[in-house]
Enquirer: 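Handing you a structure now.
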Amino acid sequence: MSRSAHPAGPRYADVLPEGHYSAPPADLNALDPKVWAQTVGRDEDGALTVGGIPVTRLAEEFGTPAYILDETDFRARARAWRTAFGDDADVFYAGKAFLSRAVVRWLHEEGLNLDVCSGGELATALSAGMPADRIAFHGNNKSVAEIHRAVEAGVGRIVLDSFQEIARVAHIAQSLGRRQRVQIRITVGVEAHTHEFIATAHEDQKFGIPLAGGQAAEAVRRALQLDGLEVVGIHSHIGSQIFDMSGFEVAAHRVVGLLKEIRDEHGVELPEIDLGGGLGIAYTSDDDPREPHEIAKALTEIVTRECEGARLATPRISVEPGRAIVGPTAFTVYEVGTIKPLDGLRTYVSVDGGMSDNIRTALYDAEYSVSLVSRSSDAEPMLCRVVGKHCESGDIVVRDAFLPGDLAPGDLIAVPATGAYCRSMASNYNHVLRPPVVAVADGEARVIVRRETEDDLLRLDVG
Ligand SMILES: *Cc1c(COP(=O)(O)O)cnc(C)c1O
């Protein structure tokens, strides 16, 4: 089955070839530690617990659907990335994966930096006390107002994405009497997805300045001449949900080639190289992500080797994991509303959320797993499709999964690995209210982003 985007829109009701499904898991009650947050387990009643709290109690107190985030796990993953890269590198958490003020404080405390890509994300970061010099500002079309605010706040880096932006940021910085530290984002002709990458001569995408045709070199040349800019490095981000390091190898080779060209032409050795994010996580038991220390070792070796080959001092490396930090730390808990067996096909299980709280299945054909969490069950597995409550046939949360055959309305089911790109991409489609994010640590649960209310909806609708 194709895992690419569907030009004709999301599919539904597809009948898959015989043998497509992996066999049902040996134990439907098992919670694979690869896909579930660190402190998740089951209590003696069979209910899932996280941070020592049964999910049934969380659902009672905070309602469903809800994103439950394991703060202990979040901090541990952030720390693991920080420790793996050490003091000679920087880890920037990609805020777009999921950002809230609590998250900003955790990152600050754990010694990470932060990527933002809009005025809203910048405001969130600053309001939670992230020092501006630990913030990098991204985006392919930052507004003049956003740039102005970022320069004025003193952000550590602005990642320049186009020729217009080079001139724009230089002009704004100069008008404020500043010299803004910048990186230039280039596209190196490498596109990485999960287990493979494609190396191409050209990049057909909106981000970055192509290396091809000498455009990136020209961008650096121009930026170096502008008083308002201090060019500190080159930025490259090659994709998402990547498991294989070889795409980074080709990207680093090409970035270092550019650094060498800059050195030879201008006598300047740029001190930084940012390799972006995109490191994969386990959404299902079939995925095998690498540990941060393995990734750090591989990336550091690649850059060091390339720089030695080019006789360059090894620049300071930065990386930008988003999903790899927050993704596995949260799950979404839903209440089952209706169960509709379709003979010979599958059983449709409808939950009280859907594409408004997790658009990734509809948008990217993303795969998820799902488990019954309010109790355990010894019933036979049944092939299910977990769908939402929206007026859209493509409103699918989990395309194919096995749940126990005795599943009943009122049961709680949960989808793991929803920490990244779920709440941050949530919508109000059908005027459904966006779920809260509840952080759990050491037996305590607290709301860090509250549930939306009808008042919130009506406040925006000014009649
Ligand atoms: C999206 C993005 C990231 C983070 O990607 P993940 O897949 O969440 O790790 C990092 N850097 C840039 C420039 C991005 O656009």
Side-chain angles (χ1 to χ4, degrees), residues 69 74 77-78 80-82 84-85 89-99 103 107 112-118 121-122 125 134-142 150 155-162 165 182-188 190-195 197 203 205-209 233-245 247-248 251-252 255 272-283 287 289-292 295-296 298-299 317-330 358-360 363-364 366-367 417-425:
L69 194 160
F74 185 101
R77 285 175 197 273
W81 277 87
R82 186 77 203 86
F85 278 87
D90 294 303
V91 180
F92 285 78
Y93 169 79
K96 68 179 187 201
F98 171 63
L99 196 66
V103 161
L107 293 165
L112 276 75
N113 299 349
L114 178 61
D115 272 357
V116 299
C117 64
S118 70
E121 288 184 0
L122 178 62
R134 281 168 55 183
I135 299 174
F137 200 136
H138 279 268
N140 66 304
N141 188 18
K142 310 166 189 77
V155 299
R157 295 169 177 81
I158 294 182
V159 182
L160 301 176
D161 196 87
S162 65
E165 205 168 73
V182 297
Q183 291 183 340
I184 296 178
R185 176 161 176 180
I186 68 168
T187 42
V188 293
V190 173
E191 209 190 326
H193 300 287
T194 63
H195 299 289
F197 76 96
E203 277 285 38
Q205 61 146 306
K206 72 170 186 169
F207 292 111
I209 300 174
I234 300 296
H235 182 285
S236 152
H237 172 75
I238 56 171
S240 59
Q241 188 61 359
I242 304 167
F243 294 110
D244 178 359
M245 292 289 116
F248 287 104
V255 170
E272 294 179 7
I273 168 172
D274 189 316
L275 293 170
L279 287 315
I281 63 165
Y283 284 103
D287 296 322
R290 298 198 182 195
E291 295 293 323
I295 294 164
L299 292 182
I317 298 172
S318 42
V319 288
E320 306 175 314
R323 180 197 322 260
I325 292 176
V326 70
T329 68
N358 186 350
I359 191 68
R360 292 189 67 260
L363 190 59
Y364 307 126
E367 294 191 62
T418 58
Y421 306 108
C422 287
R423 180 59 179 82
S424 69
M425 286 183 152

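Counting starts at 1 for both ligands and their atoms, following the listed order.
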Enquirer: Suppose we measure from atom 3 (C) of ligand 1 to each protein heavy atom; which comes out shortest, and what is that distance?
Expert: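 Result: His237 CE1, 3.5 Å.
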Enquirer: What protein heavy atom sits nearest atom 11 (N) of ligand 1, and how far away is it?
Expert: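 The closest one turns out to be Glu320 OE1, 2.8 Å.
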Enquirer: When you measure from atom 2 (C) of ligand 1 to every protein heavy atom, which one gives the shortest distance, and what is it?
Expert: Lys96 NZ, 2.5 Å
Enquirer: On a heavy-atom basis, which atom in Val91 and which in Trp81 lie closest, and how many Å separate them?
Expert: CG2-O, 3.7 Å
Enquirer: Below 3.5 angstrom, do we get any N/O pair linking His235 and ligand 1?
Expert: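 There is no such contact.
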Enquirer: For ligand 1 and Ala324, I'd like to know whether there is a polar contact (N/O to N/O, distance under 3.5 Å).
Expert: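 It does not: no N or O of Ala324 is found under 3.5 Å from an N or O of ligand 1.
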Enquirer: Taking all heavy atoms of Ile281 and all of Ala417, pick out the closest pair and write down the distance.
Expert: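 Scanning both residues completely, I find the closest heavy atoms to be CD1-CB, 4.2 Å.
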Enquirer: What heavy-atom pair brings Ile325 and Arg77 nearest, and what distance separates the two atoms?
Expert: O-CD, 3.2 Å
Enquirer: Gln241 to ligand 1: N or O pair under 3.5 Å?
Expert: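 By distance alone, the answer is no.
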Enquirer: I'd like to know whether Asp90 forms a side-chain contact (heavy atoms from CB on, under 4.5 Å) with Arg157, so could you lay out the CA-CA distance, the side-chain angles of the two residues, the decisive distance to 0.1 Å, and finally the verdict.
Expert: CA-CA 12 Å; Asp90 294 303; Arg157 295 169 177 81; 3.7 Å; yes
Enquirer: For atom 9 (O) of ligand 1, what's the nearest protein heavy atom and its distance?
Expert: Gly278 N, 2.8 Å
Enquirer: Are Phe98 and Tyr93 near enough that their ring centres are under 6.0 Å apart?
Expert: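 For Phe98 and Tyr93, the ring centres are not under 6.0 Å apart.
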Enquirer: Under a heavy-atom criterion of less than 4.0 Å, does Phe207 contact ligand 1?
Expert: no
Enquirer: For ligand 1, indicate whether the residue Arg323 contacts it via side chain, backbone, both or neither (heavy-atom separation under 4.0 Å).
Expert: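 Both of them.
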Enquirer: For ligand 1, which atoms sit closer than 4.0 Å to a heavy atom of His138?
Expert: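 This gives 13 (C) as the contact atoms.
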Enquirer: Which atoms from ligand 1 have a heavy atom of Gly322 less than 4.0 Å away?
Expert: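 Per the distance check, 6 (P), 8 (O), 9 (O).
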Enquirer: Check if Ala420 has a non-hydrogen atom at a distance under 4.0 Å from any atom of ligand 1.
Expert: no
Enquirer: Return the minimal non-hydrogen interatomic distance between Phe248 and Leu275, and the atom names on each side.
Expert: CE2-O, 3.5 Å
Enquirer: Please work out which of the three classes, parallel, tilted or perpendicular, describes the rings of His235 and His237, given edges at 30° and 60°.
Expert: tilted
Enquirer: Looking at every heavy atom in both Gln183 and Asp274, which two are closest together, and how far apart are they?
Expert: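 That closest heavy-atom pairing would be OE1-CB, 3.5 Å.
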Enquirer: Among all protein heavy atoms, pick the one closest to atom 8 (O) of ligand 1 and tell me residue, atom and distance.
Expert: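 Closest protein heavy atom to atom 8 (O) of ligand 1: Tyr421 OH, 2.5 Å.
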Enquirer: Could you say whether the N/O atoms of Arg185 and ligand 1 ever approach to under 3.5 Å?
Expert: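 It does not: no N or O of Arg185 is found under 3.5 Å from an N or O of ligand 1.
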Enquirer: Would you check, one step at a time, whether the test salt bridge (charged side-chain N to carboxylate O under 4.0 Å, His left out) holds for Glu121 with Lys96?
Expert: CA-CA 8 Å; Glu121 288 184 0; Lys96 68 179 187 201; over 6 Å; no
